[in-house]
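Below is one structure; the comments refer to it alone.
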Amino acid sequence: MKYDFSAIEQKWQQKWWAEKTFACTEDSSKKKFYALVEFPYPSGQGLHVGHARPYTAMDVVARKRRMDGYNVLFPMGYDAFGLPTENYAIKNHIHPAKVTHDNIENFRKQLQMLGYSFDWDREVNTTDPSYYKWTQWIFLQLWKKGLAYKTTMPVNWCTSCKCVLANEEVVDGVCERCGSPVIRKEKSQWMLKITEYAQRLIDDLDGLDFIERVKTQQKNWIGRSTGAEVVFKSTAGDDILVYTTRPDTLFGATYMVLSPEHELLKKWMPMLKNSEAVQAYQKEAASKSDLERAELNKEKTGVCLDGVKGINPVNGKEIPIFISDYVLATYGTGAIMAVPAHDDRDWEFAKKFGCEIIEVVSGGEDVQQAPFTAKDETGILTNSEFLNGMTVKDAIPVITKWLEDKGIGHAKVNYKLRDWVFSRQRYWGEPIPMIYCEKCGWQPMDESQLPLLLPEVESYEPTDDGESPLSKMTDWVNTTCPCCGGAAKRETDTMPQWAGSSWYFLRYMDPHNDKELASQEALKFWSPVDWYNGGMEHTTLHLLYSRFWHKFLYDIGVVPTKEPYAKRTSHGMILGEGGEKMSKSRGNVINPNDVIAQYGADTMRTYIMFIGDFEKAAAWSDNAVKGCKRFLDRVWNLATDQEHVGEDYSAANEVSIHRTIKKVSEDIEAMKFNTAIAALMSLVNDYYQNGASRGDMKVLLLLLSPFAPHMCEELWELAGYGGQVCLQAWPTYEEAKTVTATTQMAVQVGGKLRANIVVPTGSDDETVVAAALANEKIAKLAEGMELVKSIVVKGRLVNLIFKPKA
RNA sequence: GCGGGCGUGAUGAAAUUGGUAGACAUGCAAGAUUUAGGUUCUUGUGAAGCGAUUCGUGUGGGUUCGAGUCCCACCGCCCGUACCA
């Protein structure tokens with residue numbers, strides 16, 4: 001009988017989707033398990049193999065957990081707002097909603113062709129007004145709690161998208177999406193105060209089962225540092241506030257640096273003798289793009305202020321003040337005290353500009369030759385009056401206390417994390433439900449009026465002046481103030497792509513609710529997500545943003561848990577044949593549809609799981625795909641060509657079966673899918689060797705079914721085991737039956753392998769040593785020797801140490 | 001620079017976490033079946049040697065009865081970050 005994968009796959013998919021086999025409800029008799037994968041952006045290219053890896057992996061886990069007896073929620077949806085759709089719409093004059101609809105149809109079809117066990121009744125789409133109504137609602141709650149605000153500030157501006165970007169969206173100084181240069185632009189923007197949650201976003205990582213890489217990356221991005229803020233007087237009479245992580249080095253501060261944007265400069269300008277040079281430097285710094293700034297930062301630049309000096313508060317010394325773009329306006333106070341003896345950047349700057357370098361921590365090399373930056377016990381304070389003789393660690397609290405007592409400083413924690421720039425000057429996003437009234441200022445829309453629908457527009461093109469296309473829709477823009485009833489204007493910017501995905505996992509719990517974003521019962525039942533798999537590239541974007549929103553929703557009593565995701569794992573990328581990144585220009589893109597047509601979805605699934613370590617990048621190989629097809633063919637032929645008698649496990653296969661059940665069960669949970677499949681291949685090899693009973697075949701189909709569900713269903717039906725394989729209980733094993741009666745053990749002499757012996761399983765050490773010495777080869781080696789030591793590793797090997805007889 | 005990870009046959013990779021290196025596949029070779037190709041099946045496949053043996057997990061050293069695994073130094077690759085005071 002031929003393995004007609006195409007007919008078999010269609011048959012079972014039709015049955016699953018028609019009968020809603022994987023639909024789930026809040027059924028409290030079973031333990032719940034919420035498995036989540038990142039929903040795709042429905043691009044015009046359709047699903048690619050990069051999607052198939054995480055989706056197949058979690059589908060395998062979900063299918064196995066269902067068989068384990070869990071009540072499994074495994075949903076899918078579409079993160080459909082965003083630029084590619086909008087750009088396609090502009091080019092082809094089709095409404096983005098239509099483009100989105102068509103792309104989603106295609107994606108759903110492709111996902112269904114792969115046989116993923118999603119509960120399709122729970123599908124969500126972020127561009128659906130019934131969905132983004134709640135995205136807008138959350139924004140209003142943030143606004144009410146003072147966590148959303150509008151401010152004018154220099155922002156990242158993509159020159160090609162004509163749109164602002166969040167810090168997280170700028171990669172190497174260029175736009176994460178299109179690769180165009182990013183420049184700084186003063187714009188009025190909606191911001192979300194993610195910084196208010198910085199400490200909690202760090203602290204609460206501790207209780208989570210996230211892979212370590214994700215935790216450290218998030219911690220680094222949030223970038224907590226502890227230190228002190230210190231007031232320096234100036235000869236102009238103004239105070240200059242600086243932030244330092246090394247207050248212990250205050251006596252070594254020989255100059256100061258302000259960022260070129262520092263506000264005191266405006267006030268001081270008239271009293272500066274070199275104001276022209278200062279202004280020229282400011283202008284130059286402002287015009288640099290991020291990319292230029294990054295490239296140029298090897299060489300320090302700056303201008304010394306001629307006419308104003310700073311005063312070091314610990315010794316009253318007058319020290320020069322510079323401006324330089326190595327000091328950032330957006331971090332700390334935008335001003336630093338420079339301690340060239342103990343900071344790499346200050347040292348480099350001091351060498352170039354001839355500033356004094358005074359050692360205040362001894363223990364390193366000559367500070368005139370290189371800075372000494374160690375913060376541990378190796379450094380001892382010197383040239384620092386009352387701090388002399390202390391270690392850096394001990395000196396910090398002493399000097400901090402001293403500053404506090406004098407009223408010129410205090411301990412301070414800083415974070416690298418910035419507030420989230422939340423508006424975009426584009427059409428295809430959630431409208432921000434805010435109204436501006438000349439009299440009343442910014443006013444929220446009445447919640448009962450939500451959703452605020454995106455209006456139909458003539459052109460989706462972003463405007464060159466940096467305004468959203470919505471700004472041209474005067475009918476839509478002009479409205480009345482919810483507060484005073486007077487004439488007012490709507491906000492015309494839209495939300496960033498990351499808005500809809502920041503809470504979608506909550507909507508899956510109760511996707512059709514039109515009263516709340518999800519009911520309390522559903523939220524209590526399903527929260528938190530038990531296992532979330534997604535890409536490393538979202539660690540400081542989606543994953544951080546959604547943790548922030550979830551914490552906010554927890555604070556206002558909407559969700560029952562502090563954290564959205566209990567466990568986070570991550571998959572490696574799928575590369576093209578030869579190990580290069582898949583791309584259209586290289587022509588090495590693998591389309592899942594082609595693979596399915598040629599080999600079937602089950603082969604595709606099995607291969608993508610067999611390809612290698614799940615967490616690491618893996619290169620596609622057509623030959624290896626064939627190998628997996630061959631494996632499934634072998635299973636099919638074994639099941640249909642041979643006769644299988646007996647419901648019990650056959651004696652010849654019993655040990656292999658118990659071992660394989662154990663291995664496959666453990667490996668799926670540990671995401672070691674490649675070795676799980678290897679174990680199944682071995683089992684099939686055993687069946688070919690020994691023959692297989694009906695019972696043997698049954699357990700094979702159960703174990704293989706999460707990987708190759710269609711074929712296993714068909715063979716299950718053909719064999720007449722009854723019911724569907726996906727609804728059966730996962731097989732169990734007995735530890736005692738994973739061992740054979742006898743065990744082969746290696747015999748080493750002085751650590752070198754010399755022989756193999758077979759002993760009864762569980763033999764004690766003396767028996768093993770005796771058996772080893774009785775071995776012909778070993779006996780030969782032992783001639784004229786005396787056994788001085790033997791090491792037995794139970795069930796593995798015995799190592800004998802001889803020395804010549806005296 | 002800094003932080004994290006990795007380096008194993010011709011190739012993708014395994015290795016019970018200090019215990020027989022190369023499981024399972026791919027590729028290749030020989031043979032069987034076939035008119036032939038394909039499929040399928042069998043056998044072999046780290047290197048050297050007729051052989052017993054010897055060597056072998058990026059390089060060099062160390063700890064250990066025993067090291068792919070632990071420690072030190074170096075080389076190479078990948079990812080993250082980017083003047084965060």
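In what follows, every heavy atom counts, from backbone to side chain, and hydrogens, waters and symmetry copies are set aside. In what follows, chains are A, B, ... by sequence order, proteins preceding strands, each numbered from 1.
Residue contacts for Leu797(A): at a heavy-atom cut-off of 4.0 Å it reaches a base atom on one of the strands shown. Residue Asp346(A) is classed as having no contact, given no heavy-atom separation below 4.0 Å to the nucleic acid. Residue-level contact check: Glu212(A) touches neither bases nor backbone, having no heavy atom under 4.0 Å from any strand. Within the nucleic acid shown, Gly332(A) has no heavy atom closer than 4.0 Å to any nucleic acid atom. Heavy atoms of Thr539(A) sit nowhere under 4.0 angstrom from any nucleic acid atom. Contact annotation for Thr245(A): backbone-only contact, meaning every heavy-atom pair under 4.0 Å involves sugar-phosphate atoms and none involves a base. At a threshold of 4.0 angstrom between heavy atoms, the contacts of Lys629(A) with the nucleic acid are absent.
In this structure rU17(B) sits in the syn conformation; its chi angle is within 90° of 0. Taking the O4'-C1'-N9-C4 or O4'-C1'-N1-C2 dihedral as appropriate, rG9(B) has a value within 90° of 0 and is therefore syn.
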Q) Using Watson-Crick and G-U wobble pairs with both distances under 3.5 Å, what is the 5'-to-3' dot-bracket string of RNA chain B, with [ ] for crossing pairs and | for pairs outside the strand? A) (((((((..(((......[....)))((((((.......))))))(((....)))..(((((..]....))))))))))))....
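A donor-acceptor contact closer than 3.5 angstrom is absent between the side chains of Ser225(A) and Asn414(A). At a cut-off of 3.5 Å, with distance as the only test, no side-chain donor of Gln642(A) or Tyr687(A) sits close to an acceptor on the other residue. Thr195(A) and Arg418(A) share no donor-acceptor pair across their side chains, judged by distance under 3.5 Å alone.
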Name every donor-acceptor pair, under 3.5 Å, that has one atom in a side chain of residues 766-782 of chain A and the other anywhere in the protein, sequence neighbours excluded.
from, atom 1, to, atom 2, distance (Å)
Thr767(A), OG1, Asp764(A), OD1, 2.3
Asn775(A), OD1, Lys777(A), N, 2.9
Asn775(A), OD1, Ile778(A), N, 3.4

Do any side-chain atoms of residues 249-258 of chain A form donor-acceptor pairs under 3.5 angstrom with protein atoms, and if so which ones, sequence neighbours left out?
from, atom 1, to, atom 2, distance (Å)
Thr249(A), OG1, Arg246(A), O, 2.7
Thr254(A), OG1, Glu356(A), O, 2.7
Tyr255(A), OH, Asp346(A), O, 2.9

Just the table, please: protein N/O against nucleotides 37-41 of chain B N/O, every pair under 3.5 Å.
from, atom 1, to, atom 2, distance (Å)
rC41(B), OP1, Arg634(A), NH1, 2.5

Pairs under 3.5 angstrom, nitrogen or oxygen only, protein versus nucleotides 6-13 of chain B, please.
from, atom 1, to, atom 2, distance (Å)
rG12(B), O2', Ile611(A), O, 2.9

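A cation-pi arrangement is absent between Arg659(A) and Tyr733(A), since the terminal nitrogen or guanidinium carbon is not both under 6.0 Å from the aromatic centre and inside a 45° cone about the axis.
Straight-line distance from the NZ atom of Lys416(A) to the P atom of rA82(B): 8 Å, rounded to whole Å. To the nearest angstrom, P of rU81(B) lies 13 Å from CD of Gln218(A). Atom pair Trp620(A):CH2 and rA25(B):P shows a separation of 19 Å (rounding to whole Å applied). Following rounding to the nearest Å, Leu753(A) (CG) and rC55(B) (P) show an atom-to-atom distance of 13 Å. For the pair Met609(A) CE and rA14(B) P, the interatomic distance rounds to 13 Å; values are reported in whole Å. The nearest whole Å value for the distance from the NZ atom in Lys352(A) to the C1' atom in rC83(B) is 14 Å. The separation between Gln217(A) atom CD and rA82(B) atom P is 11 Å, rounded to whole Å. The distance between atom CE of Met536(A) and atom P of rU81(B), rounded to the nearest whole Å, is 10 Å.
For residues 749-759 of chain A, the set of pairs meeting the salt bridge (Lys or Arg N to Asp or Glu O under 4.0 Å) definition, not counting sequence neighbours, is empty.
Annotation: proximity of residues 762-779 of chain A to RNA chain B (heavy atom, distance under 4.0 Å) is found for no residue. Proximity of residues 659-671 of chain A to RNA chain B (heavy atom under 4.0 angstrom from any strand atom) is not detected for any residue.
rC74(B) and rU54(B) are spaced 35 Å apart, taking the P atom of each and rounding to whole Å.
In terms of position along RNA chain B, the nucleotide closest to Ala755(A) lies nearer the 5' end than the nucleotide closest to the other residue of the pair Ala755(A) and Ile336(A).
Residues forming a salt bridge (Lys or Arg N to Asp or Glu O under 4.0 Å) with Lys193(A) (at least two apart in sequence, or on another chain): none. In this structure Asp686(A) satisfies the side-chain hydrogen bond (donor to acceptor under 3.5 Å, both in side chains) test together with Ser656(A), sequence neighbours excluded. For Arg213(A), the salt bridge (Lys or Arg N to Asp or Glu O under 4.0 Å) criterion is met by Glu615(A), not counting sequence neighbours. Qualifying salt bridge (Lys or Arg N to Asp or Glu O under 4.0 Å) partners for Asp239(A), counting only residues two or more places apart in sequence or in other chains: Lys233(A).
Using a 4.0 Å cut-off between charged nitrogen and carboxylate oxygen, Lys626(A) and Asp622(A) do not count as a salt-bridge pair.
The aromatic ring centres of Phe5(A) and Tyr599(A) sit 6.0 Å or more apart. Here Phe673(A) and Phe610(A) keep their ring centres 6.0 angstrom or further from each other.
One finds a side-chain N or O of Arg754(A) lying less than 4.0 angstrom from the OP1 or OP2 phosphate oxygen of rU54(B). Applying the 4.0 Å criterion to OP1 and OP2 of rG56(B), one finds that Lys752(A) has every side-chain N and O outside that range.
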Q: Give the intermediate values and the outcome of salt bridge (Lys or Arg N to Asp or Glu O under 4.0 Å) for residues Lys672(A) and Glu666(A).
A: CA-CA 8 Å; Lys672(A) 291 164 80 175; Glu666(A) 289 173 356; over 6 Å; no
